[in-house]
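Only one structure is covered here, and it is reproduced in the block below.
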Number of protein chains: 2
Amino acid sequence: MKTRLDKIDLKILEILQNDCRITTKKLAERLNLSPTPVFERIKKLEKEGYIDKYVALLNERKIGLKQTIFIGVKLKGHTRSYLQKFLNQVNDFKEVTECYQVSGNFDFLLKIVLADIDAYEIFVQTKLSLISELGNVHSYIAIKKGKCTTKLDLSSL
Amino acid sequence: MKTRLDKIDLKILEILQNDCRITTKKLAERLNLSPTPVFERIKKLEKEGYIDKYVALLNERKIGLKQTIFIGVKLKGHTRSYLQKFLNQVNDFKEVTECYQVSGNFDFLLKIVLADIDAYEIFVQTKLSLISELGNVHSYIAIKKGKCTTKLDLSSL
DNA sequence: ACTGAAAGAACTACATC
DNA sequence: GATGTAGTTCTTTCAGT
């Protein structure tokens, strides 16, 4: 489990971050290797947990989820159990794609993706605002999407 | 291009959001269909742009990128060209995984993923702070990762 | 739109170096 | 660690309903 990643491993991860449906054969060609070692390296990377999963990224616009909103949340109570309870409740909200407990003038930062502003109103009224100990909430409505990637920078490794 | 998605399409997207390396055959079994129509539907979903891409999601901890930070940025100048210039510059920062222009008391919200706080200091000093017209910057350092998914909620469609 | 069949390609294991 | 081979399974196309 303590195996360090070598150049080839990093290259494999880099390529799979861009396109994970590439065939082992093509990947091997790009690395000037035969498929077998590439196949084995991928299995190792999966098994040891470097690769979490393989997913399809959908086009939000196209499927009709046109609004992204970030929400900064401050709780009234800050005991450990309140913080954990908040995380648990938010986990069940399907509109929430990301939730981090943070330092700064918020306790949590959420990212939510939904159809439109109307759907957001409904989300706030029927879900978010029902959370007990909810303090201040500040919304940041996305006006324009800049960079948005799942690709991590491996160049520093 | 205006084809609406039916129940089967949505189910396919749902499954591919969880695991895009599933074989067409297994996917077909789960849908009680033969592989052919499933294969054709997937191709259609790709071609019409419902599916953007297939990617491997890496484990940030495991590969050594242990720190996630959100940054709220306010610019001094707000002309259209400044806003666009900011987006362009941020695009080149490999540490930045997301950047949205937003409404609220920030102009932009960024998400960055890097090794640790030291790497963050370097990022700010050598990259972020060099941006002209940069106004206030507020950092939200992730203390605990809650939900974090690329899966969009299709249940409302 | 779907089924079923069939050719070609890829996966995966294994023997070998 | 890598290569090459070979059996198995999947992909992808096409004729038919």
Side-chain angles (χ1 to χ4, degrees), chain A residues 1-59 61-64 150-152 154-157, chain B residues 1-59 61-64 150-152 154-157:
Chain A
M1 286 301 195
K2 300 195 77 87
T3 12
R4 272 322 290 141
L5 300 176
D6 65 12
K7 281 269 171 72
I8 297 174
D9 291 323
L10 289 173
K11 193 79 191 138
I12 290 173
L13 291 177
E14 162 116 26
I15 292 170
L16 291 178
Q17 280 198 108
N18 279 327
D19 173 16
C20 69
R21 300 251 282 199
I22 187 174
T23 62
T24 308
K25 197 184 166 208
K26 281 200 187 108
L27 188 43
E29 282 165 14
R30 287 182 58 178
L31 297 167
N32 288 110
L33 282 171
S34 59
T36 308
V38 175
F39 174 77
E40 281 163 355
R41 278 166 181 271
I42 292 172
K43 288 300 156 206
K44 199 191 82 185
L45 290 166
E46 291 170 357
K47 195 149 144 189
E48 296 189 357
Y50 292 97
I51 296 172
D52 270 341
K53 59 193 310 202
Y54 300 100
V55 303
L57 299 182
L58 307 188
N59 188 303
R61 270 267 165 64
K62 190 84 198 192
I63 64 174
T150 56
K151 198 174 167 185
L152 303 178
L154 307 180
S155 64
S156 62
L157 304 179
Chain B
M1 288 302 192
K2 299 194 78 86
T3 11
R4 273 321 291 141
L5 300 176
D6 65 12
K7 281 270 172 71
I8 297 175
D9 291 322
L10 289 174
K11 194 79 190 135
I12 290 173
L13 291 177
E14 163 115 27
I15 292 170
L16 291 178
Q17 279 197 108
N18 279 327
D19 173 16
C20 70
R21 299 250 284 200
I22 188 174
T23 62
T24 308
K25 199 186 169 207
K26 280 201 186 107
L27 188 43
E29 281 164 15
R30 287 181 60 176
L31 297 167
N32 288 111
L33 281 171
S34 59
T36 309
V38 175
F39 175 77
E40 281 164 354
R41 279 166 181 270
I42 292 172
K43 289 298 157 210
K44 199 190 83 186
L45 291 166
E46 291 170 356
K47 195 149 143 191
E48 296 188 358
Y50 292 97
I51 297 170
D52 270 342
K53 58 193 310 204
Y54 300 100
V55 303
L57 299 181
L58 308 188
N59 188 304
R61 269 268 166 63
K62 190 84 198 191
I63 64 175
T150 56
K151 198 174 165 183
L152 303 178
L154 307 179
S155 64
S156 62
L157 304 179

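To find a chain, count down the sequence lines: A is the first, B the second, and so on, and within it residues start at 1. Remember, it's a predicted structure, so these values are computed and weren't measured experimentally.
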Problem set entry | Check ion pair B/Glu14-B/Lys11 (N to O, under 4.0 angstrom) | no
Exercise. Where along residues 7-35 of chain B does a heavy atom fall under 4.0 Å from DNA chain D?
Worked result: B/Thr23, B/Thr24, B/Lys25
Exercise. What are the bounds, 5' to 3', of the part of DNA chain C that sits under 4.0 Å from heavy atoms of chain A?
Worked result: C/dA10 to C/dC14
Exercise. Hey, is CZ on B/Arg61 packed in by over 12 heavy atoms from elsewhere, all under 6.0 Å?
Worked result: no
Problem set entry | Whole-Å distance separating the OH atom of B/Tyr54 from the C1' atom of D/dT11 | 14 Å
Exercise. Once you round it to whole Å, what is the distance between C1' of D/dG1 and CG of A/Asp6?
Worked result: 10 Å
Exercise. What are the two closest heavy atoms between A/Ala56 and B/Ile51, and how far apart are they?
Worked result: CB-CG2, 4.4 Å
For this session: Measure from CD on B/Glu40 to P on D/dA15 and round the result to the nearest Å.
Result: 13 Å
Exercise. Is the closest side-chain heavy-atom distance between B/Asp9 and B/Arg41 below 4.5 Å?
Worked result: yes
For this session: Check whether any side-chain heavy atom of B/Leu154 sits under 4.5 Å from a side-chain heavy atom of A/Leu58, and report yes or no.
Result: yes
For this session: Of all the heavy-atom pairs spanning B/Phe39 and B/Thr24, show the shortest one and how long it is.
Result: N-CG2, 3.8 Å
Problem set entry | Pair A/Lys43 + A/Glu46: basic N to acidic O under 4.0 Å | yes
For this session: Would you state whether a donor and an acceptor, one from the side chain of A/Thr36 and one from the base of D/dG4, lie under 3.5 Å apart?
Result: yes
For this session: Could you tell me the separation between the CG atom of B/Leu57 and the OG1 atom of B/Thr150, rounded to the nearest 0.5 Å?
Result: 5.0 Å
Exercise. Rounding to a whole Å, what distance do you find between B/Phe39:CZ and D/dC10:C1'?
Worked result: 11 Å
